[in-house]
Amino acid sequence: MTHILVIGSGVAGLTAALDADSRPGVEVTLVTKATLDQSNTWYAQGGVAVVTSADDTVASHVADTLVAGAGLSDDEAVEVLCAEGPEAVQHLIDRGVLFDVHDGQLARGLEAAHSHERILHAGGDATGAAIAAALIARLRDSDVVIRENTMVVDLVVEGGRVTGATLLDGGSIEADAVVLATGGAGQLYPYTTNPAVATGDGLAMALRAGAVASDLEFYQFHPTSLAVPGNPLVSEAVRGEGAVLVDRDGRRFMLDVHPDAELAPRDVVARGIAAQMARQGGEPVRLDATGLGAAFLAERFPTIDATVRAHGMDWGREPIPVTPAAHYFMGGVRTDLWARTSLPGLFAVGEVACNGLHGANRLASNSLLEGAVYGRRVVDAVLDPEVAPLEPFDADWAEPVTTTIDGEGPSLSRADLQQLMWDAAGLTRDARGLEDALAELGRSAVRDATDVKSVEDANLRVVAQAVVQSALARRESRGGHFRTDFPQPDPGRAVHSGVVVTR
Ligand SMILES: Cc1cc2nc3c(=O)[nH]c(=O)nc-3n(C[C@H](O)[C@H](O)[C@H](O)COP(=O)(O)OP(=O)(O)OC[C@H]3O[C@@H](n4cnc5c(N)ncnc54)[C@H](O)[C@@H]3O)c2cc1C
């Protein structure tokens with residue numbers, strides 16, 4: 001028996017586990033399916049968006065986040081993020097995270113759609129690794145029971161309440177509260193910046209257990225991954241510093257697409273690149289960072305510099321090929337502002353959760369902050385009975401559509417599922433493609449879960465169907481969801497979507 005079971009070792013899970021452990025008498029177990037350092041968090045580059053200077057304001061950070069969210073962000077969830085951000089970041093610093101410093105002050109970078117320089121970074125472009133390493137060191141020094149290489153398969157539900165989780169090794173863990181911190185699902189797509197562990201497990205488990213998920217149609221595709229296998233990210237910050245996108249003739253095509261050109265919202269840049277790639281027969285576009293100089297690139301972006309060079313390219317002298325890739329899941333298990341889901345005993349934080357903060361599109365560098373802020377809040381919600389109860393769906397949250405889980409045909413291979421998702425539920429969608437994909441997914445059986453890969457495949461299959469169902473239901477374009485058959489936003493549809501599984 002443990003008081004709190006945390007599933008996942010990214011910034012959200014590590015923060016929740018450490019905060020819970022700091023409370024007297026609370027027993028915490030943290031389970032993670034690979035080693036502690038395997039997470040999206042570890043690979044985060046650009047940094048953490050947070051107000052730390054007198055020339056910036058929380059109101060400005062809120063306003064930028066709401067603009068990026070394309071009319072769908074939950075105001076209160078954004079306010080909490082931005083207002084509690086500075087304290088949460090101080091908490092990271094207190095736990096040993098060394099953010100980069102310039103002239104004795106925290107160094108601050110600019111990223112797309114931020115109206116101030118407010119992006120803290122660490123190790124240049126190794127921010128996520130710096131945060132994770134510091135928190136992992138703290139965790140190893142704490143009383144938290146750590147179980148690495150331990151795959152959670154499902155949630156245990158008794159009398160409508162989540163009471164623990166089952167493990168692939170046949171065991172189970174009972175808990176008063178289960179905190180899902182399992183991250184995103186980039187592996188839904190063949191091109192993704194996410195590591196192999198990002199297979200939507202927590203979302204699939206929650207759906208199977210009967211929890212409500214929200215906004216699953218909203219996936220953010222990063223505009224610029226290096227066009228090589230594995231799609232390593234070329235951070236937005238490179239464009240923030242002045243690099244530009246050019247077509248194969250060296251022309252800056254984004255100037256024709258949006259007034260902010262390369263620094264337009266991510267979905268606009270990603271679709272601009274995809275359209276340009278289509279015009280040039282699928283050939284990747286180029287990111288021209290030569291104006292920044294090789295020395296600056298190596299110092300400011302050491303990780304990207306090493307990656308680019310490892311692929312035999314010299315980006316100080318020549319533009320590099322880039323392509324969009326699945327990057328961040330705005331949707332997830334629906335939660336309130338205290339990370340509570342629709343199921344008693346089940347909480348969700350970080351990328352697996354959807355409290356409405358990111359709306360239809362995430363503002364760059366808001367997600368590490370989300371883990372740091374809401375990873376603390378969830379502990380209050382679990383341990384402090386004074387926190388308000390979960391509100392039922394209100395006007396901004398639509399009644400959920402239903403989806404099923406299993407089909408009777410042969411199961412899809414992971415590669416086939418990923419290609420299906422890329423083609424039908426990728427950067428652009430339409431009714432015909434989504435309906436065909438839904439039919440194919442509906443026919444395909446969920447594979448028996450016998451090892452890590454088959455558990456993941458089963459989870460991807462469940463999440464894929466819920467994503468397609470949600471994308472089909474949203475007959476408009478907004479943020480990360482672009483329907484070629486409904487290319488405009490519909491003001492009447494500015495509400496969060498919902499999906500639940502029926503049996
Ligand atoms: C390349 C890249 C760059 C990024 N750059 C930035 C950035 O600069 N700024 C920013 O704010 N965001 C950035 N992001 C996004 C950000 O990193 C993530 O949204 C954030 O780290 C998610 O944190 P998390 O704790 O919710 O999940 P993760 O960090 O993904 O952690 C999830 C954990 O859950 C574990 N897990 C999953 N399933 C199971 C299971 N079944 N059983 C047990 N354990 C399980 C995983 O192994 C992992 O430890 C970037 C993402 C990527 C991929």
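Positions are given from 1 along the sequence. Each ligand, and each atom within it, is numbered from 1 in the order the structure gives. Source: prediction; values computed, not measured. Reckoned from all heavy atoms, side chains included, excluding hydrogens, waters and symmetry mates.
- Shown in contact with Asn366 at under 4.0 Å from a heavy atom are these atoms of ligand 1, numbered in order with element: 11 (O).
- Between Phe301 and Phe296, the ring planes lie perpendicular to each other; the angle is over 60°, past the 30° to 60° tilted range.
- The contact set between ligand 1 and Met205, taken as ligand atoms under 4.0 Å from a residue heavy atom, comprises 41 (N).
- Of all atoms in ligand 1, listed by their number and element, those nearer than 4.0 Å to a heavy atom of Asn194 are 53 (C).
- Classification of Arg23 and Asp19 as a salt-bridged pair fails, no side-chain N sitting under 4.0 Å from a carboxylate O.
- Taking the six-membered ring for Trp and the full ring otherwise, His358 and Phe218 have centroids separated by 6.0 Å or more.
- Side-chain atoms of Ser142 never come within 3.5 Å of backbone atoms of Arg140 as a donor-acceptor pair (strictly under, hydrogens ignored).
- Atom numbering of ligand 1 starts at 1 in the shown order; those under 4.0 Å from a heavy atom of Gly350 are 26 (O).
- Between the choices Glu111, Arg147, Arg362, the shortest heavy-atom distance to atom 14 (N) of ligand 1 belongs to Arg362.
- Gly183 CA, 3.3 Å is the protein heavy atom nearest to atom 27 (O) of ligand 1.
- Counting only heavy atoms of the protein, atom 51 (C) of ligand 1 lies nearest to His327 CE1, 3.6 Å.
- Residue contacts with ligand 1, taken as heavy atom pairs separated by less than 4.0 Å, involve Leu233 solely via side-chain atoms from C-beta onward.
- In this comparison of Gln38, Gln45, Glu236, Glu456, the heavy atom closest to atom 5 (N) of ligand 1 sits on Gln45.
- Taking any N or O of Gly46, backbone or side chain, at least one lies under 3.5 Å from an N or O belonging to ligand 1.
- The distance criterion of under 3.5 Å between nitrogen or oxygen atoms is met by Val11 with respect to ligand 1.
- Looking only at protein heavy atoms, the nearest one to atom 42 (N) of ligand 1 is Val152 N, 3.0 Å.
- Taking distance alone, with nitrogen or oxygen atoms compared against 3.5 Å, Tyr43 stays at or beyond that limit from ligand 1.
- The one candidate from Asn149, Val145, Val152 that meets the side chain to side chain contact (heavy atoms under 4.5 Å, CB included) condition with Val31 is Val152.
- Scanning all protein heavy atoms for the shortest distance to atom 38 (N) of ligand 1 gives Asp201 OD2, 3.2 Å.
- Atom CZ of Phe99 is surrounded by more than 12 heavy atoms from other residues, nucleotides or ligands within 6.0 Å.
- Nearest residue to atom 4 (C) of ligand 1 from Ala204, Ala364, Ala44, Gly375 is Ala44 (criterion: closest heavy atom).
- With Gly8, Ser9, Ala181 as candidates, the residue nearest to atom 32 (C) of ligand 1 on a non-hydrogen basis is Ala181.
- Using modelled atom types, no side-chain atom of Arg334 and backbone atom of Val212 make a donor-acceptor pair closer than 3.5 Å.
- The closest non-hydrogen atom to atom 30 (O) of ligand 1, taken over Val352, Val455, Val452, Asn40, comes from Asn40.
- Short contacts between ligand 1 and Val197, defined as distances under 4.0 Å to a heavy atom of the residue, involve ligand atoms 47 (O).
- Residue Thr127 does not touch ligand 1, judged by heavy-atom distances below 4.0 Å.
- Applying the 6.0 Å contact sphere to CD of Glu87 captures no more than 12 heavy atoms from other residues, nucleotides or ligands.
- Ligand-side atoms of ligand 1 in range of Ala12: 25 (O), 26 (O), range being under 4.0 angstrom from any heavy atom.
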